[in-house]
Amino acid sequence: MSHDQLSYLELLARGAAAEAYDRPVLLARASGAGPETLSGLEQAKQLALRVRAELEGRRRREAELSALFETAHDLSGLRDLDAVLRAIVQRARSLLGTEVAYLSLNDPAAGDTYMRVTEGSVSARFQQLRLGMGEGLGGLVAQTARPYVTDSYFDDERFQHTRTIDSGVRDEGLVAILGVPLMLGSQVIGVLFAADRRARVFEREQVALLASFAAHAAVAIDTANLLAETRTALAELERANAIIRDHSAVIERASDVHDRLTELVLRGGGVHDVAAAVSEVLDGTVEFADPGTPALAALELGDADGHAVRNGDDWVAAVSAGGELLGALVLRGHPALDPVDRRTLERAALVTSLLLLARRSAGEAEQRVRGELLDDLLDAPGRDPHLLRERAARLHADLDAPHVVLAARIDATTDAGGADRATADRQRLWSAASHLAATRHGLAAARDGGTVLLLPLGRGDSATDLARQTAKQLGGTLREPVTVGASAPVGAPAGTQGSVAAAYAEALRCVEALRLLHRSGEGAAAQDLGFLGLLLADTGDIEGFVHRTIGPVADYDERRGTDLVRTLDAYFASGMSPARTKDELHVHVNTVAQRLERIGRLLGEDWQSPSRALEIQLALRLHAISAAVAR
């Protein structure tokens, strides 16, 4: 073997590119080698190239087998179906070397196919596509249960083109697409795709590899469905066994709790005494929950007829009076409660409501005093601060600490007898707000058809937190949506003349904005309403709005010297189309896709939703104006 022929072994050993194998022949020809020598070198070159191709094929098959084994391992420890499907799509994209991979599932109820997992996609319209059976390449795969491949989607007439599907594919910039069916037996449950934004030919081995991944995905879906059915069956068996096991002692416990509750009422016991007595009789843990707590979620769904309701493994019995939810008794850890024990819990809730009503009558006088003090802060800012502090101290309120003013409203009643109903609603709202203010060491008063509250701002809390908590608690108490607007924090209500009245005006503007935005039942401060909050606040915080909205993108450009803000502006100006954006920026569509992926990681997955997109576009305009002014 000549030295030139040995050079091919060296090329194989170091994994050289195919172009490097022409060099020995060219050097030999240049040095004047004879035909026999050149023929030998050509034969050695072809043999070396075949060996190289075989080695590359083996490496590729080894990588494919490794990925398939990893997928099978994921299935053996299946915990999260979405995680397994994402891993399958990611591996398919990586091994086939495509720019995009995605998986769709059939929806038997709607009679179409929808996107379940995407990898590499940057178009919101594409990610939300739904394909009718037989429509597009994916619809044809789902209908025929056969793989289909096209090297130029828009030039392929084998499948039905629709405006919706073509718009989504064009928006994503896809050209070559391969789709294989997900099969459970003879039934097609979805399609697995690999696609590129340029023309390419998918080899037979690549079609077979994608089909293997599709088989794994189908197994994952079937396994998850079987696990869900098994868990449901086991839970039902456990509940049935618990009922049989506990039934023999139910009647005796009911009699015992009746005696205990009667004794509590006679000696003037409290709410927690009732909970302790029922805990002992029912052999569990019974707690009293205030309105608005997570334990009352089941009651807030509308079950207000006095019956205990199931909430996970717990049971919740409403404590109510006159249509007002005062709280609830929550029995922990008894998923299979006997009907007699349920009636015992309900009877205890009734006794609790009687005890709370007795205490409420004693607290109404204190509520009126709290309302009068807040009225003075609103209407008579010139009163002596020292006297205001003394009155507040008797109510355990500290008017030198930061507070927030909140305006609370129930939507106006429009049915028959609406005026009487509205009056009753305002009274109920004032009562619930007064109780909340007393527990939070704050003040409350009825005003302007609703209620105004002055609540202290806890450490680590914000006006937004306080507004949301108040809306949730009042809404849970009244079992109706209560809208709450919050002011900016007031440093020392007693020491700053007019500060409470100004803050109340801001809170009123905020609550009216929430109602105009059809967000009744929510709580918010002006800063939560995006650009609308700039109009509500006394001083528009434009810089803060821009920073909250696109700050992460602008900061990233500043640190890395990138051009994401300009890309974002061009993307919206191009109708959110990556294909048109790349023309505007004079870059490749892959560059646009990579930049949009980075923007999505910085701003969050919902940045292309209509409401977010509107605020982002406004922030971009304000950012551009600020930059121009600065120059």
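Being a predicted model, the structure only gives us computed values, none of them experimental.
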Counting distance only, does the side-chain N/O of Asp465 pair as donor-acceptor with the main-chain N or O of Ser462 below 3.5 Å?
yes
Does some side-chain heavy atom of Leu508 sit less than 4.5 Å from a side-chain heavy atom of Glu512?
no
Donor-acceptor check, side chain of Arg426 to backbone of Ala446, threshold 3.5 angstrom: yes or no?
no
Looking at Trp607 and Leu568, what are the two nearest heavy atoms and their distance?
CZ3-CD1, 3.3 Å
Do Ile410 and Leu474 have side chains that get closer than 4.5 Å, going by heavy atoms?
no
Interatomic distance, OG1@Thr451 vs CG@Leu429, rounded to 0.5 Å, equals 3.5 Å
Does the Thr470 side chain pair with the main chain of Leu466, one donor and one acceptor, at a distance under 3.5 Å?
yes
Can you list everything that forms a ring pair (Phe, Tyr, Trp, His ring centres under 6.0 Å) with Tyr504? Sequence neighbours excluded, please.
none
Min side-chain heavy-atom separation Val309-Trp315 under 4.5 Å
no
Return the CD to CD distance between Gln608 and Gln127, rounded to the nearest 0.5 Å.
7.0 Å
d(Leu455 CG, Gln469 CD) to nearest 0.5 Å is 9.5 Å
If you measure from OG1 on Thr118 to CD on Gln128, what distance do you get to the nearest 0.5 Å?
10.5 Å
Between Pro456 and His403, what is the shortest heavy-atom contact and its length?
N-CD2, 3.5 Å
What heavy-atom pair brings Ser487 and Ala507 nearest, and what distance separates the two atoms?
N-CB, 4.0 Å
Would you check, one step at a time, whether the test side-chain contact (heavy atoms from CB on, under 4.5 Å) holds for Leu85 with Ile221?
CA-CA 9 Å; Leu85 294 182; Ile221 295 169; 4.3 Å; yes
Could you tell me whether a side-chain N or O of Arg612 sits under 3.5 Å from a main-chain N or O of Leu603, the two making a donor and an acceptor?
yes
What are the two closest non-hydrogen atoms of His547 and Asp555, and how far apart are they?
CE1-OD2, 3.7 Å
State, with a plain yes or no, whether a side-chain heavy atom of Arg440 is found less than 4.5 Å away from one of Leu453.
no
Under 4.5 Å between any side-chain heavy atoms of Arg116 and Asp82, yes or no?
yes
What do the steps show when you test Arg332 against Glu287 for side-chain contact (heavy atoms from CB on, under 4.5 Å), and what is the final call?
CA-CA 8 Å; Arg332 305 288 186 189; Glu287 301 172 355; 3.2 Å; yes
Got Ile599 and Tyr571 here, is their nearest side-chain heavy-atom distance under 4.5 Å?
no
Which heavy atom of Pro481 sits nearest a heavy atom of Gly521, and at what distance?
CB-CA, 3.7 Å
Contact between Leu378 and Val500 at the side-chain level, heavy atoms closer than 4.5 Å - yes or no?
yes
Between Val484 and Leu514, which heavy-atom pair has the shortest distance, and what is it?
O-CD1, 3.4 Å
For Leu399 and Leu377, run side-chain contact (heavy atoms from CB on, under 4.5 Å): C-alpha distance rounded to whole Å, both residues' side-chain angles, the deciding distance at 0.1 Å, then the answer.
CA-CA 10 Å; Leu399 294 185; Leu377 287 169; 4.1 Å; yes
Got His441 and Asp398 here, is their nearest side-chain heavy-atom distance under 4.5 Å?
no
Distance from Asp448 atom CG to Arg409 atom CZ, nearest 0.5 Å?
6.0 Å
Interatomic distance, CZ@Arg479 vs CZ@Arg428, rounded to 0.5 Å, equals 8.0 Å
